[in-house]
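In what follows, a structure is listed as C-alpha cells, so that the remarks can point back to it.
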2 protein chains.
Amino acid sequence: MFKLNSCLILYTIRNTIMSNIELNDKKIQILEVAEKLFSEKGFDGTSIRDISKMAKINIAMVSYYFGSKERLLEALILYKTSDLKLQIESLLHENLEPLDKVNKLVEIYINRINCNRGIYRILHFELTSKKREENLAAFAELKKGNLKSLETIIREGQSKGIFRTDVVIPLITPTILGTFFHFHMNKPFFQELLHLNTETLYNDYIKNSLTKHIQQTIKALLVYEN
Amino acid sequence: MFKLNSCLILYTIRNTIMSNIELNDKKIQILEVAEKLFSEKGFDGTSIRDISKMAKINIAMVSYYFGSKERLLEALILYKTSDLKLQIESLLHENLEPLDKVNKLVEIYINRINCNRGIYRILHFELTSKKREENLAAFAELKKGNLKSLETIIREGQSKGIFRTDVVIPLITPTILGTFFHFHMNKPFFQELLHLNTETLYNDYIKNSLTKHIQQTIKALLVYEN
DNA sequence: GTTTAATTTAAACACTTGTTTAGTTTTTGT
DNA sequence: ACAAAAACTAAACAAGTGTTTAAATTAAAC
C-alpha cells in the first residue's frame with residue numbers, strides 16, 4: 001500500500017510537472033533555497049543576498065529569473081501548491097466510507113503541509129496579515145476548492161445519517177490545520193515537553209500521534225451524539 | 001454577569017499594574033504602537049522609524065528607553081502576557097463542573113488572545129521559527145503553567161468519570177489555540193466566505209460561533225464515548 | 001536660582017536592503 | 001565557424017536599517 005510517510009515522491013512529481021511549464025533546474029534551486037530561508041527567517045527576514053549565497057548564484061539572478069523578490073514569492077507559492085487540489089479532488093471519488101474519507105483527508109493535509117512546512121507557514125501566517133492579499137488570489141481559490149471538497153464529503157456522511165448536522169463546516173479546516181500549525185510553530189516547546197529530542201522522533205510524532213489526535217478530534221466532532 | 005466582550009477592562013488593569021513597576025506613559029505609548037505595527041507588518045517588516053513616526057517621538061527614544069529593537073520586543077511580551085497566568089489559575093479554584101471549567105478556559109483564551117491579537121501572533125508564529133528562543137524563556141514558562149492548569153481541570157473530570165482518559169492533554173491546547181489562530185490568520189478569506197463584512201460582525205462571529213465551535217470540539221473530544 | 005539629572009532632538013554612523021547597469025561568458029541555431 | 005540569444009557576473013545605485021553621538025531642552029533637587 002502507498003504509505004504517506006515519504007515527502008520525496010510528491011516532490012519529484014511536482015518537479016516534473018512544473019519544469020514542463022517554465023522552470024529550469026536553476027530556478028528550482030532558487031525556489032528550494034528561498035523556501036528554506038523564508039520558512040526559517042521569514043520573508044522580510046530573508047535577503048536576496050542570503051538566498052543567492054546559499055544557492056551559490058549571483059545576486060542578480062533572482063531579479064533576472066523572477067523579476068523581483070515579491071514575484072519570487074509568488075512563483076514559490078505556485079510551485080508548491082499546484083498539485084494539492086488534484087490530490088484532494090481525487091480523494092472525493094475514492095470508494096470509501098465518509099469517516100474514512102475524512103481521516104484520509106486529514107492524513108493528506110498533515111503529510112502535505114508537513115512536507116512543505118516552510119511555504120505553508122508563510123502562506124497561512126505571514127502573508128495574510130499584510131496587504132499582500134491581492135497576490136494570493138490563486139491561493140484563496142485553492143482554499144475554497146478544498147473547502148468544497150470537504151463539504152462534499154461531510155454532506156455525504158450527513159445524508160447517510162453518520163455525521164451530525166449541527167457542525168459549522170468552514171470551521172473544521174481551521175481545527176485540522178490550526179492544530180497542526182500551532183503544534184509545529186511551537187516546535188521547541190513541544191519537543192522539550194514530549195521529549196522528542198531528534199528530528200526523527202518529532203516527525204514520527206506528527207505522523208502518528210498528532211495526526212491521530214486530529215482525526216480523533218474531527219471524528220468526535222462529527223459523529224458525537226447528544 | 002461579567003461578559004467577556006470588553007477588551008478594555010483587562011487593558012486598564014494591566015496598565016495600572018505595569019506602570020507601578022517601571023513603565024511610564026511614553027513607554028506604554030511606544031509599546032502600544034510597536035504591537036500594532038509588529039502585528040500588521042511583522043517584526044522584521046517594522047522599522048524603528050515606523051514606530052517613532054506613528055508614536056510621534058524621536059527615533060532615538062526607542063533605544064533610549066528600551067536599549068534596542070529586540071529588547072523592545074521583550075518588554076512588549078512581558079507587558080502583554082503578565083496577567084494571563086493569574087487569570088487562568090484563578091479559574092482553577094472556581095466552583096464549577098469540569099466541563100464548564102473547560103468551556104470557560106476556552107472563553108478566556110479566545111477573548112484574551114482576541115484582545116491581544118498582535119502580540120500573540122508574533123509570539124506563536126513569528127518568533128518560534130527563528131533563533132529567538134532564548135529570549136522567550138518566560139513565555140515558555142507561561143505556556144507550561146497554563147498547560148498544568150488545563151491538566152488539573154481534565155484530571156478532575158477524568159477522576160469524576162466524566163472525561164475519557166485516552167486523550168493526549170498537551171495536544172488540546174494546539175486544537176483550541178490553533179483553531180482560533182488559523183481562523184484569524186486567514187481573516188480576509190473567512191470574512192468573504194462567511195459574509196462578515198464589518199469588523200463588528202467579524203468580532204461577534206469569533207465571540208459566538210467560533211468560540212462555540214471550539215467548545216463543541218473540545219467537549220466532543222473529552223466526553224465522547226465509544 | 002543655580003546645579004544636577006533626565007529627557008528629547010537632529011545629525012551622523014556604518015551597514016544592509018532590493019534592484020539595475022554594463023559588460024562578459026556561455027549556449028544555441030544555422 | 002559565426003552571429004544571435006541566453007546566462008551570468010561584478011559593481012554600483014539609491015534607499016532604508018538599527019544604533020550612537022553630542023548638543024539642546026526640560027524637569028527635579030537643593
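In the text below, chain A, chain B and the rest are named by the order of the sequence lines, each starting its count at 1.
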Are [X] and [Y] close enough for a salt bridge, meaning some N to O gap below 4.0 Å?
{"X": "A:E89", "Y": "A:K148", "value": "no"}
{"X": "A:E32", "Y": "A:K36", "value": "no"}
{"X": "A:K104", "Y": "A:E94", "value": "yes"}
{"X": "A:K144", "Y": "B:E192", "value": "yes"}

Atom-to-atom span, [atom1] of [X] to [atom2] of [N] - whole angstrom:
{"X": "B:F66", "N": "D:dT20", "atom1": "CZ", "atom2": "P", "value": "16 Å"}
{"X": "B:K53", "N": "D:dT17", "atom1": "NZ", "atom2": "C1'", "value": "15 Å"}
{"X": "A:I59", "N": "C:dT16", "atom1": "CD1", "atom2": "P", "value": "12 Å"}
{"X": "B:I48", "N": "D:dG18", "atom1": "CD1", "atom2": "P", "value": "5 Å"}
{"X": "A:L37", "N": "C:dG18", "atom1": "CG", "atom2": "C1'", "value": "16 Å"}
{"X": "B:D50", "N": "D:dG18", "atom1": "CG", "atom2": "C1'", "value": "12 Å"}
{"X": "A:E70", "N": "C:dG18", "atom1": "CD", "atom2": "P", "value": "11 Å"}
{"X": "A:F43", "N": "C:dT17", "atom1": "CZ", "atom2": "P", "value": "13 Å"}

Give one of base, sugar-phosphate or nothing for B:S63, where a contact means two heavy atoms less than 4.0 Å apart.
->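 The residue B:S63 makes base contact.
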
Using a 4.0 Å heavy-atom cut-off across all strands, classify A:S52 as base, sugar-phosphate, or nothing.
->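 Result for A:S52 = nothing.
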
Residue [X], side-chain heavy atoms: nucleotide from [options] that is nearest:
{"X": "A:K69", "options": "C:dT19, D:dT9, C:dT9", "answer": "C:dT19"}
{"X": "B:A60", "options": "D:dT19, C:dA10, C:dT17", "answer": "C:dA10"}
{"X": "B:Y65", "options": "D:dA6, C:dT8, D:dT19", "answer": "C:dT8"}
{"X": "B:M61", "options": "D:dT17, C:dT8, C:dT19", "answer": "C:dT8"}

Pairwise 5' ranking along DNA chain C for A:S47 and A:N58, keeping only the more 5' one =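 Counting from the 5' end, the first nearest nucleotide belongs to A:S47.
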
When only distance counts, do a donor and an acceptor, one from the side chain of B:R49 and one from the base of D:dG18, lie under 3.5 Å apart?
->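 Such a pair is found, so the answer is yes.
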
Any side-chain N or O of [X] under 4.0 Å from OP1/OP2 of [N]?
{"X": "A:Y64", "N": "D:dA7", "value": "yes"}
{"X": "B:S68", "N": "D:dG18", "value": "no"}
{"X": "A:K26", "N": "D:dC8", "value": "yes"}

Side chains of residues 167-180 of chain A: which donor-acceptor pairs under 3.5 Å do they make with residues two or more places apart or in other chains?
residue	atom	partner	partner atom	Å
A:T175	OG1	A:L171	O	3.3
A:T175	OG1	B:T179	OG1	3.2
A:T175	OG1	B:H213	NE2	2.8
A:T179	OG1	A:T175	O	2.6
A:T179	OG1	B:T175	OG1	3.2

